[in-house]
Protein chains: 2
Amino acid sequence: MSSENPKRSVFAGFAEVAKALGHPHRLEILELAAQGERSVEGLAEQARLSVANASQHLQLLRRAGLLASRRDGKRILYRLSDSSVLELTAALGRVAERNLAEVRELIGGYFREHDALEPVTRRELTRRLKDDLVTVLDVRSEEEFAAGHLPQAINIPLRELSRRLREIPKSREIVAYCRGAYCVLAFEAVALLRPRGFKIRRLEGGYPEWRAAGLPVIYRQNGGALVPA
Amino acid sequence: MSSENPKRSVFAGFAEVAKALGHPHRLEILELAAQGERSVEGLAEQARLSVANASQHLQLLRRAGLLASRRDGKRILYRLSDSSVLELTAALGRVAERNLAEVRELIGGYFREHDALEPVTRRELTRRLKDDLVTVLDVRSEEEFAAGHLPQAINIPLRELSRRLREIPKSREIVAYCRGAYCVLAFEAVALLRPRGFKIRRLEGGYPEWRAAGLPVIYRQNGGALVPA
DNA sequence: AGATCATTCAATGACTCGATTGAATGATTT
DNA sequence: AAATCATTCAATCGAGTCATTGAATGATCT
């Protein structure tokens with residue numbers, strides 16, 4: 001970031017941030033870190049990266065101001081530095097979805113085919129929750145659920161869903177959610193449960209968006225590695 | 001953008017967009033194109049790039065869905081593809097300003113020193129304009145002004161400002177604006193005029209933000225290369 | 001039809017980025 | 001104090017990016 005011309009330098013700084021977003025693995029890491037604090041190893045595993053590689057990406061994201069980290073015992077925990085980062089990735093998604101034919105096809109084709117119906121808005125879910133009219137289903141991993149989840153949500157990770165159908169009430173309407181607007185888990189849950197007779201829709205966005213909107217969340221400090229941010 | 005895993009592909013598409021934002025020259029080009037349609041040569045000149053280099057950047061931005069282009073006679077005119085792009089760059093600015101110490105210093109130091117006062121909000125300017133209480137000063141180039149400007153604005157490009165002081169009423173309050181939130185022209189105008197006894201503040205954001213907010217703008221089709229988008 | 005002109009293309013060289021490997025660090029635990 | 005473990009560092013290689021140069025398009029104008 002060479003200086004002299006202030007405007008150029010500001011743009012250079014902005015470009016650093018944008019460059020940090022410019023790699024698929026890093027975008028995935030950001031989505032994972034948005035669920036709550038995670039160790040390098042945990043993130044590497046979930047993103048299917050080697051630990052060294054994940055560490056490099058994480059450091060780059062931290063230098064760009066997108067992630068923050070702290071030490072906890074012998075691990076380093078990374079988290080989203082700020083909810084403005086969520087707004088940035090959301091804006092990135094909107095532009096890509098609107099202006100890139102390839103992305104639009106992927107989302108319009110794959111995603112919509114799994115869930116023709118509009119998602120439930122956060123506002124609507126809040127209202128319904130107050131009257132206790134819905135069952136909220138969190139299909140993320142147990143660690144992510146433990147790090148924070150929607151009030152009254154039950155947790156069944158997607159891969160266990162087909163084995164644990166009896167835990168889900170068939171009489172009430174179900175709202176499924178996962179990691180974010182472009183996380184496929186909730187789509188898959190809808191695709192899996194609807195043909196089996198469940199009344200299920202998915203939530204707009206995921207847990208990070210819910211939390212960033214200032215809506216109530218539940219933390220469960222269960223001695224694990226994940227702590228509410 | 002290799003396929004198979006839909007989620008990976010979506011992230012790959014997002015990364016393409018982010019990569020396109022990941023170069024200072026391209027961010028500058030985006031700011032310039034946000035003022036209205038411009039030819040390759042015009043953009044190259046304003047950004048101080050060779051035509052071939054600018055052309056390459058422009059094509060990359062178009063492939064990423066950030067710019068759109070059309071032919072007009074023997075030139076190709078580029079424009080912002082969508083106002084969602086403005087939201088994206090605004091979000092990028094907010095994150096960089098908040099989380100990158102270098103950028104925060106630049107903006108907090110250089111910019112604020114030139115204008116300690118808070119900018120005038122768009123809402124406030126709208127109200128004041130209705131009562132005809134302010135003079136609006138556009139310090140961008142004549143071409144940019146011609147391509148679109150705020151109602152009742154007068155145009156004095158920054159480099160001519162010190163020679164044309166008599167055109168500016170000293171009795172009324174002045175609101176200066178330029179290309180955007182991180183464009184230095186309006187800051188410089190404030191720094192130049194305030195010591196000379198003018199009551200001057202700058203507008204939050206610039207012309208593109210005003211227009212994207214749905215507020216009224218004036219086009220002047222004067223046969224030049226710039227046409228309202 | 002040929003000349004003109006804006007833009008794009010293609011090729012080059014310097015530089016940066018990404019993933020892998022194996023070693024180094026540095027805090028914790030025994 | 002030594003062992004352990006998560007993370008980071010350093011070196012490497014292949015691939016990709018950026019600016020420059022000069023040539024090639026391809027639409028307009030005479």
Side-chain angles (χ1 to χ4, degrees), chain A residues 1-2 8 11-12 15-30 32-33 37-64 66-79 143 223-227, chain B residues 1-2 8 11-12 15-29 32-33 37-64 67-79 143 223-227:
Chain A
M1 202 188 294
S2 66
R8 288 277 162 111
F11 280 143
E16 286 302 313
V17 177
K19 256 190 252 176
L21 293 173
H23 193 288
H25 288 161
R26 287 196 289 269
L27 290 172
E28 187 170 4
I29 287 174
L30 282 178
L32 296 172
E37 284 188 311
R38 310 272 343 226
S39 67
V40 177
E41 199 176 22
L43 289 165
E45 194 180 347
Q46 264 196 296
R48 298 168 179 281
L49 300 174
S50 73
V51 172
N53 192 198
S55 172
Q56 290 191 163
H57 283 306
L58 287 165
Q59 286 173 76
L60 194 155
L61 286 165
R62 186 177 46 197
R63 262 179 271 135
L66 297 170
L67 291 182
S69 66
R70 71 180 179 90
R71 184 174 274 279
D72 171 47
K74 58 173 67 170
R75 341 176 182 223
I76 308 273
L77 301 182
Y78 281 86
R79 63 180 181 279
E143 287 111 337
L226 299 175
V227 180
Chain B
M1 202 189 292
S2 66
R8 287 278 161 109
F11 280 145
E16 286 302 312
V17 177
K19 257 191 250 176
L21 292 173
H23 193 290
H25 288 162
R26 287 197 288 269
L27 290 173
E28 185 170 6
I29 287 174
L32 296 172
E37 284 188 310
R38 310 271 346 224
S39 67
V40 177
E41 199 176 21
L43 289 165
E45 195 180 346
Q46 265 196 293
R48 298 167 180 280
L49 300 175
S50 74
V51 171
N53 192 198
S55 173
Q56 290 190 162
H57 284 306
L58 287 165
Q59 286 173 74
L60 194 155
L61 286 164
R62 185 176 48 194
R63 262 179 273 135
L67 292 182
S69 66
R70 70 178 179 92
R71 175 158 231 126
D72 172 45
K74 58 174 65 170
R75 341 175 182 226
I76 308 273
L77 302 182
Y78 281 86
R79 64 180 181 280
E143 287 110 338
L226 299 175
V227 179

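Just so it is clear: chains get the letters A, B, ... in the order the sequence lines come, proteins before strands, and each one is counted from 1.
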Assign a letter to each nucleotide of nucleotides 23-30 of chain C from its 5' end: B, base within under 4.0 Å of a protein heavy atom; S, sugar-phosphate only; -, no contact.
-> ----SS--

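Considering only heavy atoms from C-beta on, Gln46(A) stays 4.5 Å or farther from Glu143(A) through its side chain. Between Arg26(A) and Leu60(A), the closest side-chain pair of non-hydrogen atoms falls below 4.5 Å. At least one side-chain heavy atom of Arg62(A) sits under 4.5 Å from a side-chain heavy atom of Tyr78(A). Looking only at side-chain heavy atoms (C-beta outward), Leu77(A) and Val40(A) stay at 4.5 Å or farther from each other.
Taking atom CG of Leu61(B) as the reference point, atom C1' of dT17(D) lies 14 Å away to the nearest angstrom. The CZ-P distance, from Arg48(B) to dA19(D), rounds to 16 Å in whole Å. Note: CD (Gln59(B)) to P (dA19(D)) measures 14 Å, nearest angstrom. Here dT8(C) presents its P atom at 13 Å from CG of Leu60(B), a figure rounded to the nearest Å. Distance, Arg26(A) CZ to dC17(C) C1': 8 Å, rounded to whole Å. Between the C1' atom of dT7(C) and the CZ atom of Arg70(B) lies a distance of 16 Å, rounded to the nearest Å. Atom CG of Leu58(A) and atom C1' of dA19(C) are 15 Å apart (whole Å).
The line from CD of Glu28(B) to CG of Leu49(B) is 7.0 Å long, rounded to the nearest 0.5 Å. Between the CD atom in Glu41(B) and the CD1 atom in Ile76(B) there is a gap of 13.0 Å [rounded to 0.5 Å]. A distance of 6.0 Å separates CG in Leu61(B) from CD1 in Ile29(B), rounded to the nearest 0.5 Å.
Considering only side-chain atoms of Arg75(B), the nucleotide from dG18(C), dT8(C), dT7(C) that sits closest is dT7(C).
Salt bridge present: Arg70(B) and Glu37(B) bring a charged side-chain N and a carboxylate O closer than 4.0 Å.
Within a heavy-atom distance below 4.0 Å of DNA chain C, the residues of residues 49-57 of chain B found are Val51(B), Ala52(B), Ser55(B), Gln56(B).
Remark: Tyr78(B) is not in phosphate contact with dA6(C), judged by side-chain N or O atoms under 4.0 Å from OP1 or OP2.
By the ring-ring contact (aromatic ring centres under 6.0 Å, His included) test, His23(A) is found to be paired with His25(A), His57(A), residues two or more places apart in sequence or in another chain being considered.
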